[in-house]
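Take a look at the structure set out below.
Remember, it's 1-based here, ligands and their atoms both numbered in the order they're listed.
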Amino acid sequence: MAAPDGRVVSRPQRLGQGSGRGPKGRGACLHPLDSLEQKETQEQTPGQLDMLRKAQEFFQTCDAEGKGFIARKDMQRLHKELPLSLEELEDVFDALDADGNGYLTPEEFTAGFSHFFFRQNNPSQEDAGEQVAQRHKEKVYQSRGNEDLGDMGEDEEAQFQMLMDRLGAQKVLEEKIAAYDEEIQHLYEEMEQQIKSEKEQFLLKDTERFQARSQELEQKLLCKEQELEQLTQKQKRLEGQCTALHHDKHETKAENTKLKLTNQELARELERTSWELQDAQQQLESLQQEACKLHQEKEMEVYRVTESLQREKAGLLKQLDFLRERNKHLRDERDICFQKNKAAKANTAASRASWKKRSGSVIGKYVDGRGILRSQSEEEEEVFSIPRRSSLGLSGYPLTEEEPGTGEPGPGGPYPRPLRRIISIEEDPLPQLLDGGFEQPLSKCPEEEEVSDQGAQGQIQEAPPLKLTPTSPRGQPVGKEAVCKEESSPSAPDRLFKIVFVGNSAVGKTSFLRRFCEDRFSPGMAATVGIDYRVKTVNVDDSQVALQLWDTAGQERYRCITQQFFRKADGVIVMYDLTDKQSFLSVRRWLSSVEEAVGDRVPVLLLGNKLDNEKEREVPRGLGEQLAKDNNLIFYECSAYSGHNTKESLLHLARFLKEQEDTVREDTIQVGHPAKKKSCCG
Ligand SMILES: Nc1nc2c(ncn2[C@@H]2O[C@H](COP(=O)(O)OP(=O)(O)OP(=O)(O)O)[C@@H](O)[C@H]2O)c(=O)[nH]1
Ligand SMILES: [Ca+2]
Ligand SMILES: [Mg+2]
């Protein structure tokens, strides 16, 4: 390769370029170089080496195509460059082609050169190519003079140079070298240019990259700055909020303190109020208990009063019986007197006149001019013109009782009219008894002794028939029916309920009560006049309940009296006769008059009586049930005649009343929970 200074060092690669193309191939090409090196290391002198190198360079000049060998043609091409004719060149070629195969290998070339060169130095060492060299010498060197040849031994290089010059190769070589140099220069320049441009490009790229990077960084910086700005604003805002919150906190703290104080105050107040409330509750409780006690006391008083009344009634009945007895006695006396007078009348007219003067007896005013006793019934007829016979109950003693069916006045004598009065459910019937102490044992009252003996048995204490049976041949006086003794019940009743009995006339109210109280049925009862009552103690769930049963008159004219009794009633019984459609139709009217008086606060028991008389039934059971359901009533079908459902129905009502009262009591104890009316038919 040519160094920048223009010196040709070596071109070994050129030797290999023609591998495979020459007759000996690659091995033939490399061999000269190897041998050259071997020679260099073995015996070659520097001058010889230099010459070899130059020979090689010359070889390469000839082998322009780099085939690794020189053909005859290649040699002929040198004709233009070398000052040799074609023939001369042919001769040189032939001389060098030692094996005569038409190709000059580098070895042959170099060897030929060496031979030529060294033969000149040592003429004794002539070989087979001597002729060729000789010819060549003659033709080439003869023209240059013999003096030049003598110098070769002294300076090999100079000799070679001379040879080359003679051959004209020097010029070619120089030209080649110059061309190489130029080429190299050119390459250098190109390279430099390239390096420069690359450098520039690199710089440009670098600058661009740098610029892009810096722009990017600037962008980022801007972003960061904006972010920072935002953050700063945010911080400012937060600081502001913080300040506000701080301020708020202070305010809240102050408020909190105030609220705490208020809270404490309120707590104290609450405590005080709760204490007051507790006090009030205690007071209320005690008041309620007191009220309850008062209520019970009142009830018991009412019961006692009723009881006393009953006793009085019993006493009066006894008096009545006594009076009847006396009356009978008087009648007997009168009869005797009459008989006597009759006998005397037959004897003397004067004695007849004397009888007329004795007629003004105690019961005289009840005897009419014809000597017939005027019955109370007759008086009633005058007042009310009732078709049915009447009994008075407590509303008065009947002045007479008709014999059933006869319609004639009974033998019972006239009774004192002052006994006749109507007792209100509200009035105090016997204040004198209360004043005088009704606690007085009944045994002290001779007429009541037997009454007090009556004992009650079982759940419902039945009143056995009075020992002091009425003397009236017309059966029991109505007043007596009301005597239903509960005095000697095992324990005093816990509570008392007033029950008012209503319904059309003749539905069987009185009969029902009689069945209930006495377990008896008397056909052909007299219609009730005004009002009557009975007291019966029944056992309801282990407590004694006294029932004050008010028997009202169903007849239209007593309605106004009946109405007054509803107000104090705890319960009402509405009765219809299931064999009488009209009595059922009147039930609604009875219900509305009850509601008119007391609203819906009292429970009502609806009774369909005369169930025993199924043949004549006019009111189907379903109708009664429906009516009861519609009006929230307790409903029973019963029979005073057979006693069916008499006790059951009244016990149902009594239990209901008791439970209702219990609920009311419980509710009143629990403040703020008003009592509700219970459903009856549940
Ligand atoms: N078959 C039958 N007859 C009865 C029954 N209950 C009452 N009676 C008869 O019906 C009639 C009227 O009976 P009372 O008990 O006087 O009727 P009341 O409802 O009291 O009538 P007033 O007092 O006028 O309102 C009497 O003749 C009784 O014998 C019963 O259950 N069955
Ligand atoms: Ca050859
Ligand atoms: Mg009656």
query = What do the steps show when you test Lys658 against Glu661 for salt bridge (charged side-chain N to carboxylate O under 4.0 Å, His left out), and what is the final call?
reply = CA-CA 5 Å; Lys658 179 184 168 272; Glu661 197 179 66; over 6 Å; no
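- Taking every heavy atom of both residues into account, Cys638 and Phe512 meet most closely at SG-CE1, 3.7 Å.
- Inclusion of Asn613 in the set of residues having an N or O under 3.5 Å from an N or O of ligand 1 is not warranted.
- Taking every non-hydrogen atom of Ala527 and a distance limit under 4.0 Å, the qualifying atoms of ligand 1 come out as 23 (O), 24 (O).
- Annotation: Tyr641, atom OH; neighbour count of heavy atoms from other residues, nucleotides and ligands within 6.0 Å does not exceed 12.
- Annotation: Ala553 places no N or O atom under 3.5 Å from an N or O atom of ligand 1; distance criterion only.
- Listed by number with element, the atoms of ligand 1 under 4.0 angstrom from any heavy atom of Gly554 are 22 (P), 25 (O).
- For ligand 1, the atoms sitting less than 4.0 Å from at least one non-hydrogen atom of Thr528 are 20 (O), 22 (P), 23 (O), 24 (O), numbered in the order shown with element in parentheses.
- Residue contacts with ligand 1 for Asp612 involve side-chain atoms from C-beta outward but no N, CA, C or O (heavy atoms, distance under 4.0 Å).
- Inspection of the Asp335 and Gln339 side chains reveals no N or O donor paired with an N or O acceptor under 3.5 Å.
- Comment: Lys298 does not engage Glu301 in a salt bridge, judged by the lack of any side-chain N to carboxylate O separation of less than 4.0 angstrom.
- Using 4.0 Å as the threshold, Pro523 has a heavy atom nearer than that to some atom of ligand 1.
- Between Glu618 and Lys610 there is no salt bridge, since none of the side-chain N atoms of the basic residue sits less than 4.0 Å from a carboxylate O of the acidic one.
- Salt-bridge formation is not detected for the pair Arg534/Asp551: no Lys NZ or Arg NE/NH1/NH2 atom is positioned less than 4.0 Å from an Asp or Glu carboxylate oxygen.
- In terms of polar-atom proximity, defined here as any N/O pair under 3.5 Å, Thr510 does make such a contact with ligand 1.
- Counting heavy atoms closer than 4.0 Å to ligand 1, residue Phe521 contributes side-chain atoms (C-beta onward) but none from N, CA, C or O.
- Taking a cut-off of under 4.0 Å to the non-hydrogen atoms of Ala640, the atoms of ligand 1 that pass are 6 (N), 31 (O).
- A salt bridge is defined here as a Lys NZ or Arg NE, NH1 or NH2 lying under 4.0 Å from an Asp or Glu carboxylate O, and Lys293 with Glu290 fails to meet this definition.
- No donor-acceptor pair under 3.5 Å is formed between the side chain of Thr537 and the backbone N or O of Gln544.
- Counting atoms of ligand 1 from 1 in the listed order, those under 4.0 Å from a heavy atom of Tyr641 are 30 (C), 31 (O), 32 (N).
- Remark: ligand 1 atoms within the under-4.0 Å shell around heavy atoms of Ser639 are 31 (O).
- For atom 4 (C) of ligand 1, the choice among Lys610, Glu616, His644 with the nearest heavy atom turns out to be Lys610.
- Within ligand 1, counting atoms from 1 as listed, the ones closer than 4.0 Å to a heavy atom of Ser511 are 6 (N), 7 (C), 13 (O), 14 (P), 15 (O), 28 (C).
- Rounding to 10°, one obtains 90° for the angle at the Mg ion (ligand 3) between OG1 (Thr510) and OG1 (Thr528).
- For Asp332 and Lys328, the salt-bridge test fails: no basic side-chain N is under 4.0 Å from an acidic carboxylate O.
- Residue Asn609 approaches ligand 1 through these ligand atoms, each under 4.0 Å from one of its heavy atoms: 5 (C), 6 (N), 31 (O).
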